Every structure is written in C-alpha cells, then in structure tokens.
Amino acid sequence: MRKILFTSGIVLAFLGYAFFSISDACSKGLAGRLDPFEVAFFGGVFGLLIVPLLKRPNESYRALVLSSHPWLWLVRAAAVFVATAGSVEAFMLLPMPEALSLMFLMPFFVTIVSVLFLKEQVTGWAWLSVLLGFVGVMIVLRPGVKALQFGHLCAIVVAMASAVSVIAYRFAGKETSRLTLYGSSLCGPLVGDGILMVQHFVVPHGVNEWLLLFGYGFLAAAGQLLLMLAASIAPANRVALPQYSQMAWIVAFSYFIFNQPVDMWDGIGIAVVTLSGMLNWLRQKIRFEKMLHRGWWWRRKPTPEVIAATPAAVITPPLEDKPHE
C-alpha cells in the first residue's frame with residue numbers, strides 16, 4: 001500500500017510540474033502585451049480559485065492571513081511576490097530554458113544559507129550536486145561570450161527568493177495549516193504586484209489575452225495543489241525529482257511555440273543541471289530506502305540536503321509522524 005502511495009505521489013508531482021511549465025509558457029505568450037507585474041497580479045487573482053479546495057470544514061478563511069508565525073508569513077509572502085514577478089519578467093525576456101536553468105540555482109542558495117546562517121552540516125555529496133548544477137548554469141550563460149541581460153538578473157533573483165521561501169516554509173512548523181501557507185504565497189503577489197502594476201495597467205484585450213492570464217494563474221495554482229497532494233503521500237526527495245521534467249517541457253515549448261531552439265552548449269548546460277538534480281535525488285533515494293528498511297523514516301526531520309532539494313512550490317506541512325496505512 002505504501003509503495004502505491006509513493007507511486008501516486010510521483011505521478012501527481014509530474015503532473016504538477018507540467019502545469020507549472022504550461023503556466024510559464026502562458027506568461028511568455030503575454031510578452032509585449034501586458035506589464036509583468038500585471039500578469040503576476042492576475043496570477044494571484046486566478047489562484048484564489050483553488051482556495052475552497054484547501055479549506056478544511058472546521059477552518060476559517062481568515063487562516064489565509066492569520067498565522068501563529070506572522071513574521072515567517074510575511075517573509076514568505078514577500079519572497080513569493082519577488083519570485084513571481086521576477087519569473088514572469090525572466091520568461092518574457094529570455095529563452096525559456098535559459099531562464100529556468102538560472103532558477104534551478106535555488107538549491108545552491110538554500111545550501112549556502114543552511115551552512116552560513118543556520119550552521120548546519122551539509123555532506124560532500126550534496127555540495128558536489130550543488131556545484132555541478134552551478135557549473136551547468138555557467139555553461140548555459142557562458143559569461144563573456146553571451147551578453148547578460150536584465151532577464152538573467154531576474155532569474156537569479158527568483159532563485160534567491162525561492163530559497164528564502166523554502167527556508168521560511170521549513171521554520172513554519174507542523175502546526176501551520178496548508179491554507180495559511182498558501183495564503184502567504186497568494187497575498188504576496190496580490191498586494192505587491194497589485195501596487196506595482198498600477199502605473200502601467202491596461203485592460204487585457206481579447207479572449208486570447210484573458211485565456212493566457214487564466215492559464216498562467218490557474219495552472220500555477222493547480223500545480224501547487226497537486227504538489228501539496230504529492231508531498232502528503234510521498235517523501236520530499238521523491239516529489240523533488242520530477243521538477244527536472246520541467247526542463248523537457250520548457251525546451252519543447254521554446255522550440256515548437258516560440259521558435260527559440262536550444263544550441264549545443266545550452267543543451268550541454270541543461271543536461272549538467274539536470275544531472276546535478278538527479279545526483280542529489282539518487283543519494284536521497286538510497287538514504288530513504290535504508291531508513292524505510294529500519295522503519296523510522298516517519299519520525300525523521302528533513303535534512304539540509306532534503307530541504308535544498310524541496311521545490312519552493314511544495315507548500316504543504318510536513319508528513320505526519322506515523323506511517324500511512
């Protein structure tokens with residue numbers, strides 16, 4: 001039964017990341033039509049549609065904005081606001097694989113924060129995985145060969161903001177509800193992007209723009225919901241691996257829809273970035289199977305390596321302390 005749950009969690013994760021990729025493609029499709037802050041704001045608006053699915057029967061909608069850790073709620077809201085605005089801008093300005101490769105620096109920043117500020121020990125295997133990912137990003141960027149743009153800076157800021165969001169999620173604690181965690185990631189874009197879009201706001205024209213806005217916002221929210229479900233029935237390291245399937249989707253969209261094919265060096269860099277993620281996942285898989293064999297996985301707290309591999313979109317509370325039947 002437990003194996004079936006894990007398999008179902010992985011399937012849900014793959015589907016969730018596919019939704020994220022389509023959402024990103026929708027935001028790129030709005031390049032030159034709408035201001036990035038406006039797109040990010042409407043993403044929050046359409047994200048409201050899944051709130052009823054997260055609310056428990058005995059829970060109030062006030063839980064969206066009321067938290068037992070208000071400072072962590074504000075930090076996460078601010079981080080998600082920066083990440084959403086930056087990602088929309090990056091995908092609009094850059095080829096999609098190039099932007100996503102930079103965003104995959106998030107585990108690197110999480111590991112740095114874990115070591116420098118949280119004084120946690122990180123294994124050599126984890127460092128190797130993170131540094132390999134950094135090398136892959138450098139191959140994609142090729143500083144000195146390719147002209148760096150504002151979009152590159154936006155993508156790096158997204159990785160940093162996502163790392164802050166993951167750390168804040170970690171400290172939120174088991175008592176924080178899914179609705180509260182989702183509320184922080186919803187209110188950040190609604191308030192922050194809502195304020196910044198005022199100066200350049202224009203009413204979307206035509207059905208096409210509204211459909212792209214809906215696709216961007218609703219599919220991103222639906223992807224988060226699927227990842228919550230996946231993380232509730234499978235360990236974080238299993239849910240993290242399908243994240244790299246995004247690259248396949250993004251490369252396909254870039255080539256077939258936006259006529260931006262990947263050159264040889266970009267392909268090598270993307271392969272190295274993906275390999276780094278799989279390397280870390282393989283280590284966690286081996287370690288998880290050993291712990292599962294010993295029967296104490298369900299009582300174990302996440303390690304820095306697991307946290308570094310956990311996508312920022314996984315905003316569900318930790319697993320229960322007892323095994324699933």
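Since this is a predicted model, take the numbers as computed values, not measurements.
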Check your understanding: With hydrophobic residues grouped by side-chain heavy-atom distances under 4.5 Å, do V80 and Y182 end up in a single group?
Key ->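 Hydrophobic grouping puts V80 apart from Y182.
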Review point. Is there a path from V75 to V82 through hydrophobic residues (I, L, V, M, F, W, Y) whose side chains come within less than 4.5 Å of each other?
Key: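 Looking at the clustering, V82 is in a separate group from V75.
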Exercise for review: May I ask you to test the R33-L212 pair for a side-chain heavy-atom distance under 4.5 Å?
Suggested key: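 Touching, per the 4.5 Å side-chain cut-off.
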Using residues 134-154 as the side-chain source, report each donor-acceptor pair under 3.5 Å to any protein atom, sequence neighbours left out, with the distance given to one decimal.
residue	atom	partner	partner atom	Å
R142	NH1	I139	O	3.1
R142	NH1	D266	OD1	3.3
R142	NH2	D263	OD2	3.2
K146	NZ	E98	OE1	2.8
K146	NZ	V140	O	3.1
H152	ND1	Q149	N	2.7
H152	NE2	E98	OE2	2.5

[X] side chain vs [Y] backbone, donor-acceptor pair below 3.5 Å:
X    : Y    : value
T180 : A63  : yes
K28  : L94  : yes
S254 : Q260 : yes
S165 : A161 : no

Exercise for review: Might you point out which heavy atoms bring A40 and D193 nearest each other, and give the distance in Å?
Suggested key: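 Closest pair (atom of A40, atom of D193, distance): CB-OD2, 3.2 Å.
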Practice item. Mind checking salt bridge (Lys or Arg N to Asp or Glu O under 4.0 Å) for E89 and listing every partner two or more places apart, or none if nothing turns up? Key: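 Here no residue qualifies.
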Exercise for review: Please identify each residue that fulfils salt bridge (Lys or Arg N to Asp or Glu O under 4.0 Å) with D35, with sequence neighbours left out.
Suggested key: none
Study note, to complete from the structure: Separation between OH (Y17) and CD1 (I22), nearest 0.5 Å, reads 15.0 Å
